[in-house]
J.: 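After the structure tokens below, expect a handful of questions from me.
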Amino acid sequence: MQITITVNGTTHTRDVEPRTLLVDFLRDHLGLTGTNIGCDTSQCGACTIHMDSQSVKSCTVLAVQADGADLTTIEGLANGSLHPMQQAFWDNHGLQCGYCTPGMIMSATKLVEGNPGISEAEIRHGLEGNICRCTGYQNIVKAVQQAAGEMGGD
Amino acid sequence: MSKYMGKAVKRVEDPRFIQGRGKYVANLKLANMGHAAIKRSPFAHAKINGVDASAAKALDGVIAVYTGQDLQAAGVGSLPCGFNPPGIVTAPHMPLAVDKVRHVGDGVAVVIANDIYTAYDALDLIEVDYEPLPAVVDAKKATAADAPQVHDEIPNNTSFHWPLGESDTVMGAMNESDHVVELDFINQRLIPNAMEPRACVAEWNAFTEEMTVWTSSQNPHLIRLLMSMATLGIPENRLRVISPDVGGGFGSKIFHYPEEVIVPWCSKQLGQPVKWVSTRSEAFVTDAHGRDHVTTAKLGVNNDGTFTALHVQTWANMGAYLSTFAPMIPTALYITLFSGLYKIPHIFGESWGTMTNTVPVDAYRGAGRPEASYLLERLIDIAARDLNMDPIELRRKNFIQPDEFPYQTPVAMVYDSGDYDQLFDKAMEVSGYNEMIEERDRARQEGRLVGIGVSGCIEASGAGPSKVVTSLGAGVGLWEHGLVRVHPTGKISVLTGTHAHGQGHETTFAQLVADELGVPMDDIEIVHGDTSKTPFGLGTYASRSAAVGGTAIMKSCEKIREKMKAIAAYQLEAAVEDMVYDQENGTIHVQGSPDRSKTFVDISVAALMGHIPDDMEPSLEEATFFDPPNFTFPNSAHIAMVEVDKESGEISLLKYAAVDDVGNVINPMIVEGQLQGGIVQGVGQALLEHGIYDEDGQLLTGTFLDYAMPRADDVPMSALGRIEIPSPSNPLGVKGAGEMGTIAGTPTVANAVMDALHPLGVRHVDIPHTAAAIHGAIQSASVSAD
Ligand code: FES
Ligand code: FES
């Protein structure tokens, strides 16, 4: 099937098998390997991207379902510079092995949108769909709090 | 004054990770690459009467299908076990099963196809004729006379028995004690679940006759050695193993796995690169699991609280095959830690390593030491209740005192340093222990189930010396290598045999070298994880990298400084003894005449291109193999507070405070990160995680839906504190910080839950303390109270 998807501002038209997962399309067809795969049951959030300004787990979407959609992956979150969320993860040591990080950052940016004063409990609850095995979440929560303040509700 | 050491320097590896440029094996794409998928057994135990792959081979897009017999016929060897205590009985472990499968997930055949979707389609077309056999999953039941036999070679499923101490003497002392605490309990099976599933890409180059293997591993050199020596038989000098960024390991990526044999073998067979990436479902049934002990323990204690004797018997589940270091975990890394922070005059421990129809069990964060700490700290907690003593007071009564180091325990270890009273003073302060007690007692008066748990744990990390470790049965020494190469421009490459998988070595080792040589951190590059770039090294596990690998690097820096001084002396026509190396800025001057000096770059150029003494070899490249004289002994005091919901049994972790002595600290931000992450893994074992097999050997917890990983809202912020007693075992004075949190987290929280249930008369509930388990305990307590 032919699909047309815009990713990080570039429009791609490709033939895909209908069963192709969006995450595989991004990684294998477009070479955007920044989006990681951590599970096969939609439980870990490693594959989170933005699709038409919502955060979605790209392993739960078929590429054909994203036909016509506008996607942002970690590679396109801030063109060349660092998004305040990326900066905050760096500043607060919000990552260790880095594998959950792209998904965490993509989830977190949507989570704090419009909520600059987001509470610790809200952040913890909001990131429940993203598993990190390394950090114990403490510095992730701090990073998200910092970025939320800096993003000022954007 | 150090510019970098001891500072919370931000990590140099982060920019690539936060921008999606991590170099994980799964991201690698080579031209003409085939994709491998593995047919795995759905049975825990079955004979293979035949494999029919004809339909799979005929599928469009399938390149080849190979079975266990194909690999065996080609001379592929068994996966070796690298720790063999006296008397161990072993059996072959073929990368693909040949005549029998022994656990769910055991590999039977491999498909290579043009794309991974086709490879999975082909798996469904392979017909395996299985003849199911009865299974055994429990470590102790496996030794029963009528238990199904996992391997013909291993009678009674008992691979080894490892005793330490004199059982009779210890029981004699036990019988003379005022009081004996006895406990039968389990330390449940855990599944490591690093977030990056394992992956392997292999490329055989027929032109150069060289094999390159990219694998997600904590110790690529060791994997290369085992591939060369045991499984693939490719000489080391024709085999390159690269482990780029590793997305977490926690022990599970130490071992040599079947796929690291299958994938390279297929690549050579087919003359094209081959890639395999584990799915999470495969990871659950193939990554080595952790813990899984059945234990009977007794602690003797006198009425004044003095410990008299400890006697422990453990049946350790090894799973279906002996994984690379499996027998080391319930023996040399477990029984040797039974003394904890305490003076216990008589200790006996013994363990049996038993085979079952489950996934192999090997090192998982802490590896043996969490099991030792959990058992001791649970026993002590029960003793405190039986004697009606404050749990901290009871511990203090038995602490090894600061002036008693080095302290020889009855179980082989010689502890290097510590101050456990100071540690607990600080932990009581950081946690607000006294207020916590008041809070708990108020809650109790209101009828709420609130509890406080404490633990005092010890770890042995940075194992060594090699002679001792190998005499215990290890197939490798535990030295480490560090090479410092100063390029003519003054830039520096540091080659280390350790390999980070989240620990931030590119940052901490650069901090170390920057201060040792007085150069900017930016000028230093850390090279690791590639056997063609770095000389042999032993990898990263057991919290050894800073203590052993860091020391090797430090000593190489010392040699560089000495050589630079000699070159500068020659050029300045001064005596070497009069040269001063200024570690602030990397300049070298003549004592008393700061203007007679050379810069770091001056000497870097000169070493290769210029004037050096006649009897000196050119270059500034120095290597050190550091073999530590002893382990280091990080130690901790952790305190937690929980509330149990009376109706549901659900537990809320309200507070967590941790004070650790990990010796000197290179980067406090990274050390705290290690502790925070470690603690949450420990909490996971206490409250959530459990790898459960049913009687038939089916894994009931094979996805993140059934295996409860700690999530962001399961844990509170923890309050951390530190005391720094430098380790005398290495010149950096570091002790290792990677595992302490996990070791301490489990007993701390379990003790808190048991304290919460104490008013109901509950003595012990096995972990994990899930809502269901605690609800059950509350129900039976109220029944027996009625
Ligand atoms: S990979 Fe998508 S949720 Fe785990
Ligand atoms: S940083 Fe390793 S899983 Fe989150």
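Proteins come first, then strands; the chains are lettered A, B, ... in the order of their sequence lines, and each starts at number 1.
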J.: Taking atom types as modelled, find out whether B:Y117 and A:D24 have a side-chain donor-acceptor pair closer than 3.5 angstrom.
T.: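 Result is yes, a qualifying pair exists.
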
J.: Where does B:T703 contact chain A at under 4.5 Å (heavy atoms): side chain, backbone, both or neither?
T.: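 Side chain only.
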
J.: Report, by ascending residue number, the residues of residues 678-688 of chain B in heavy-atom contact with chain A at a distance under 4.5 Å; give 'none' if the set is empty.
T.: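 At a heavy-atom separation under 4.5 Å, chain A is reached by B:V680, B:Q681.
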
J.: Which one of A:E17, A:R27, A:H93 has the most heavy-atom pairs closer than 4.5 Å to chain B?
T.: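 Looking at each of A:E17, A:R27, A:H93 in turn, A:H93 comes out on top.
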
J.: Are the side chain of B:K29 and the backbone N or O of A:D28 linked by a donor-acceptor pair below 3.5 Å?
T.: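 Side chain of B:K29 to backbone of A:D28: a pair is present.
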
J.: Measuring heavy-atom distances to chain B, does A:L77 have an atom under 4.5 Å in its side chain, in its backbone, in both, or in neither?
T.: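 No part of A:L77 comes within 4.5 Å of chain B.
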
J.: Under 3.5 Å, is there a donor on one side chain and an acceptor on the other for A:Q138 and B:S718?
T.: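 A:Q138 vs B:S718: donor-acceptor pair found between side chains.
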
J.: What closest approach, in Å, do A:G38 and B:R280 show between heavy atoms, and which atom pair accounts for it?
T.: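 Taking A:G38 first and B:R280 second, the nearest heavy atoms are O-NE, 2.7 Å.
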
J.: Under 4.5 Å from any heavy atom of chain B, what part of A:T20 do you find: side chain, backbone, both or neither?
T.: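 Its backbone and side chain both get close to chain B.
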
J.: Of the backbone (N, CA, C, O) and the side chain (C-beta and beyond), which part of B:I670 lies under 4.5 Å from a heavy atom of chain A, both, or neither?
T.: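 Both parts, heavy atoms under 4.5 Å.
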
J.: Are the charged groups of A:R19 and B:D121 less than 4.0 angstrom apart, N to O?
T.: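 Judged by the 4.0 Å cut-off on N to carboxylate O distance, A:R19 and B:D121 do form a salt bridge.
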
J.: Is it the backbone or the side chain of B:A283 that comes under 4.5 Å from a heavy atom of chain A, or both, or neither?
T.: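 Neither part, no heavy atoms under 4.5 Å.
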
J.: B:R11 side chain to A:Q96 main-chain N or O, any donor-acceptor pair under 3.5 Å?
T.: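 Pair found, side chain donor or acceptor close to backbone of A:Q96.
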
J.: How about residues 59-74 of chain A versus chain B: which residues have heavy atoms under 4.5 Å apart?
T.: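 Heavy-atom contacts from residues 59-74 of chain A to chain B are A:I74.
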
J.: Quick test of your reading of the model: are B:E672 and A:K142 salt-bridged, counting only N-O distances below 4.0 Å?
T.: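 Salt bridge flag = no for A:K142 with B:E672.
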
J.: Hey, can you pull the donor-acceptor pairs under 3.5 Å for the side chains in residues 243-253 of chain B, sequence neighbours left out?
T.:
residue: B:S243; atom: OG; partner: B:T215; partner atom: O; Å: 2.9
residue: B:S243; atom: OG; partner: B:S217; partner atom: N; Å: 3.0
residue: B:S243; atom: OG; partner: B:S217; partner atom: O; Å: 2.8
residue: B:S243; atom: OG; partner: B:H499; partner atom: NE2; Å: 3.4
residue: B:D245; atom: OD1; partner: B:R16; partner atom: NH2; Å: 2.7
residue: B:D245; atom: OD2; partner: B:R16; partner atom: NE; Å: 2.9
residue: B:D245; atom: OD2; partner: B:K23; partner atom: N; Å: 2.7
residue: B:S252; atom: OG; partner: B:G249; partner atom: O; Å: 2.8
residue: B:K253; atom: NZ; partner: B:E196; partner atom: O; Å: 2.8
residue: B:K253; atom: NZ; partner: B:E196; partner atom: OE1; Å: 2.8
residue: B:K253; atom: NZ; partner: B:S216; partner atom: OG; Å: 3.3
residue: B:K253; atom: NZ; partner: B:G248; partner atom: O; Å: 2.7

J.: At a heavy-atom separation under 4.5 Å, does B:Q674 approach chain A through its side chain, its backbone, both, or neither?
T.: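 Contact with chain A involves both backbone and side-chain atoms of B:Q674.
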
J.: When heavy-atom pairs shorter than 4.5 Å are enumerated against chain A, which of B:G673, B:G741, B:G22 gives the highest number?
T.: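 The option with the most such pairs is B:G673.
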
J.: Applying ring pair (Phe, Tyr, Trp, His ring centres under 6.0 Å), can you list everything that pairs with A:H29, at least two apart in sequence or on another chain?
T.: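 Ring pair (Phe, Tyr, Trp, His ring centres under 6.0 Å) list for A:H29, sorted by chain: A:F25.
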
J.: Considering residues, nucleotides and ligands other than A:H12, do more than 12 of their heavy atoms fall under 6.0 Å from its NE2?
T.: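 Enclosed.
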
